[in-house]
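What follows is one structure encoded as structure tokens, with my remarks underneath.
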Amino acid sequence: PEVEIARLGPGDFFGETGILEGMARRRASVEAVSPAEVLFMDKNEFTALVSSERSGTLAQDMAARADARQAARMSKLLDVMSLQAQRQRTVAAGEHVFVQGDEADVIFHLLEGNLRQSYTTETGESVSLTQLKPGAYFGYDALISGVHDTTVTAEADSVLALLPMSSLKPAIESSSWLESTITARTNRLAASKSRVGEGAASGKRESQILATLARVAARNGEPVDYETWERLRASAERFAIREGDDVFSQGDKPTHVYLLDQGAVSLHYKTERGAKRILAQLGPGDHFGETAFLDGRATRNTTVTCVAKECALRRVVREDWERALARSKQLDTAVRMAAAHRSRSRLRTIIELAVANGKADTLRLPAGASAFKQGDPASSFYVVKQGRVQMSYSTPDGSSVLTKTYGPGDTFGASGVLSTGGVSGGVRRNTATACDDDTTLYVIPHRHLLLLMREDVNAQSSFTNLQSQRKLLSRSRSEMIDKVHLRDEEAFMMNKQSVAAPTEAFEED
């Protein structure tokens with residue numbers, strides 16, 4: 001039977017959705033119910049117009065209007081089922097509706113509250129995709145793959161209606177328009193995730209061994225030690241697993257380091273309260289499992305699961321791994337740099353969740369403003385969301401020495417968090433100054449960070465690993481010039497001869 005989707009009047013436009021989404025055929029019929037005069041534009045002319053630089057944001061604006069209209073029309077068909085829904089669910093602020101990787105068997109209708117939909121990239125970064133307001137339907141993964149490929153979190157206490165697949169399927173199968181519309185909306189979400197993934201690609205390279213080896217070699221002015229790495233790979237035991245199989249589980253004893261040749265794996269874990277969280281999804285060229293050795297842990301703190309049809313891996317026993325790192329200082333440094341990068345990404349994701357839960361704040365600074373100054377009480381930990389922060393140290397004679405510049409994703413401000421147990425007592429060794437206007441920082445008090453680490457084993461592991469790797473990497477640099485990242489070596493050496501700055505001033509605050 002035909003279903004009326006909407007009635008249009010003077011000033012309305014229609015037919016653009018099929019062109020914007022690249023459809024081969026129309027999903028709906030349009031007929032006049034009274035005499036009408038309609039203006040139309042050829043498909044090629046329309047495409048040229050919206051893609052022209054002179055059109056400004058026309059394409060985005062039309063896509064947004066079409067999406068809103070499409071959602072409203074689809075809601076008319078789903079609202080009846082929502083009213084008949086036998087199940088409702090209340091979600092407290094900060095609680096997950098579902099987590100990326102969870103089984104999908106219902107579509108959700110947001111009745112009250114606000115939700116945030118996010119996606120965990122291959123580097124473990126949680127990137128916000130969209131805000132969901134009352135009236136929104138979401139969770140279409142239940143129709144497509146049966147597995148949620150995003151995470152939805154309540155930003156305020158929210159009420160949801162749950163539409164089980166068993167009641168939805170007959171309605172969807174009887175409406176080709178509804179089925180194709182849901183598929184189109186799912187595809188748009190997938191495109192957003194793809195753009196997020198492309199943006200994270202450069203970050204992913206920072207955690208892969210070969211790319212990091214090259215960076216270490218370039219910094220030290222020496223050839224890349226490919227031989228040690230390739231010899232280690234060649235000696236590793238090869239094995240394969242299928243989708244759904246675990247490489248290892250949270251709580252297992254660590255025995256190997258793993259190299260992923262083919263496929264994709266998901267790193268996930270459960271908090272002390274039983275909440276499931278996705279840390280990262282890794283692909284070919286990535287490695288994992290080494291941080292348990294670097295941290296000296298007796299058990300694994302994550303579960304690693306194959307999420308491709310098949311995963312081809314290699315495993316290196318701990319003794320062979322540590323011998324290779326002992327033989328090659330370059331490889332050892334590269335592994336620690338990669339571990340620090342991943343820990344930073346994972347810790348940032350965990351703190352972003354703390355922000356959503358109201359346990360952390362957002363601080364915006366204009367260029368030249370300070371987050372804290374040398375000598376201030378050390379009481380908070382920071383993550384750079386946007387902009388840059390310059391660290392500096394004032395010498396006894398009043399001169400200022402630049403020590404480190406932090407950019408998006410970097411963390412700083414850990415001084416005192418462990419030594420004082422989160423209680424104010426430590427002091428800042430450096431001054432943190434915003435380099436750019438609208439520099440944005442996440443700020444979490446040390447006491448809240450300690451509570452977070454008690455509840456979340458991966459927050460604790462990521463934090464301690466990041467701090468220990470920073471110290472080891474700083475000590476491995478032979479010249480002070482490498483520590484403070486000064487551009488003018490000659491000027492720094494003159495300053496170094498006249499002022500004996502304490503070594504701890506150059507440790508990353």
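We use all heavy atoms of the structure for the numbers below, so side chains are in, but hydrogens, waters and symmetry mates are not. Owing to the predicted nature of the structure, the values given are computational and were not obtained by experimental measurement.
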Does one side chain, of His96 or Thr151, offer a donor that lies under 3.5 Å from an acceptor on the other?
-> no
Is the closest side-chain donor-acceptor distance between Thr303 and Asp246 under 3.5 Å?
-> no
Considering only NZ, NE, NH1 and NH2 on the basic side and carboxylate oxygens on the acidic side, decide whether Glu155 and Arg116 come within less than 4.0 Å.
-> yes
Step-by-step side-chain hydrogen bond (donor to acceptor under 3.5 Å, both in side chains) determination, Thr305 to His268 = CA-CA 8 Å; Thr305 306; His268 54 95; 2.9 Å; yes
Taking the side chain as C-beta and beyond, is there a heavy-atom pair between Val38 and Phe14 under 4.5 Å?
-> yes
Please report the closest heavy-atom contact between Gly263 and Pro284, naming both atoms and the distance.
-> O-CD, 3.3 Å
Approximate separation, where rounding is to 0.5 Å, of Tyr442 OH and Lys385 NZ = 3.5 Å
Ile241 versus Leu313: any side-chain heavy-atom pair under 4.5 Å?
-> yes
Run the salt-bridge test on Arg388 and Asp436 with the 4.0 Å N-O cut-off and return the result as yes or no.
-> yes
Roughly how far apart are Gln88 CD and Glu112 CD, rounded to 0.5 Å?
-> 8.5 Å
For the pair Leu260 and Gln262, evaluate side chain to side chain contact (heavy atoms under 4.5 Å, CB included) and give the outcome as yes or no after the intermediate values.
-> CA-CA 6 Å; Leu260 183 57; Gln262 180 182 332; 6.0 Å; no
Modelled atom types, side-chain donor and acceptor of Gln386 and Asp438, under 3.5 Å = yes
What distance do Leu441 atom CG and Asp361 atom CG have between them, rounded to the nearest 0.5 Å?
-> 11.5 Å
Across all chains, not counting sequence neighbours, the side chain to side chain donor-acceptor pair (under 3.5 Å) partners of Lys253 are none
Over all heavy atoms of both residues, which pair between Val265 and Cys311 is shortest? Give the atoms and the distance, please.
-> CG1-SG, 4.0 Å
When rounded to the nearest 0.5 angstrom, what distance separates NZ in Lys270 from CG in Asn301?
-> 15.5 Å
Check the angle between the aromatic planes of Phe288 and Phe248 and answer parallel, tilted or perpendicular using the 30° and 60° thresholds.
-> tilted
So do the side chains of Arg300 and Pro254 get within less than 4.5 Å of each other, counting heavy atoms only?
-> yes
Side-chain contact, heavy-atom cut-off 4.5 Å: Val91 with Leu160?
-> yes
Check whether any side-chain N or O of His287 sits under 3.5 Å from a backbone N or O of Val335 as a donor-acceptor pair, and report yes or no.
-> no
Please tell me if the side chains of Leu163 and Val106 come closer than 4.5 Å, counting only heavy atoms from C-beta onward.
-> no
Quick one: sort the Phe412 and Tyr382 rings into parallel, tilted or perpendicular, breaks at 30° and 60°.
-> parallel
Student check: side-chain heavy atoms of Val99 and His148 closer than 4.5 Å = no
Geometric cation-pi criterion, Arg315 with Tyr258: 6.0 Å, 45° = no
Do Ile107 and Phe138 have side-chain heavy atoms sitting under 4.5 Å apart?
-> no
State which residue, out of Asn114, Leu111, Val159, fulfils the side chain to side chain contact (heavy atoms under 4.5 Å, CB included) condition with Pro134.
-> Asn114
In this structure, are over 12 heavy atoms from other groups packed under 6.0 Å from Arg89 atom CZ?
-> yes
Closest approach of Pro445 to Ser380 (non-hydrogen atoms, all atoms of both residues) | CA-OG, 3.8 Å
Rounded distance (nearest 0.5 Å) linking atom OG1 of Thr302 with atom CG of Leu267 | 5.0 Å
Hits for side chain to side chain donor-acceptor pair (under 3.5 Å) against Glu310, two or more places apart or cross-chain, chain-then-number order -> none
Closest non-hydrogen atoms of Glu290 and Ala339, given as atom of the first, atom of the second and distance, are OE2-CB, 4.1 Å
Do any N or O atoms from the side chain of Asp295 and from the backbone of Ala292 form a donor-acceptor pair under 3.5 angstrom?
-> no
If you look at every heavy atom in Leu115 and Ser158, which pair is closest and at what distance?
-> CD2-OG, 3.7 Å
So do Thr255 and Arg318 actually touch side chain to side chain, heavy atoms under 4.5 Å?
-> no
First locate atom OG1 of Thr299, then atom CD of Gln250, and finally report the distance between them rounded to the nearest 0.5 Å.
-> 8.0 Å
Minimum heavy-atom separation for Cys435 to Val389, with atom names?
-> SG-C, 4.1 Å
Step-by-step side chain to side chain contact (heavy atoms under 4.5 Å, CB included) determination, Thr411 to Phe381 | CA-CA 8 Å; Thr411 62; Phe381 183 71; 3.5 Å; yes
Non-neighbouring partners of Asp157 that pass side chain to side chain donor-acceptor pair (under 3.5 Å), sequence neighbours left out = none
Judged by modelled atom types alone, do Thr150 and Gln117 share a side-chain donor-acceptor pair under 3.5 Å?
-> yes
Test Phe98 against Phe108 for ring-ring contact (aromatic ring centres under 6.0 Å, His included), laying out the working first.
-> CA-CA 11 Å; Phe98 53 75; Phe108 298 87; 5.6 Å; yes
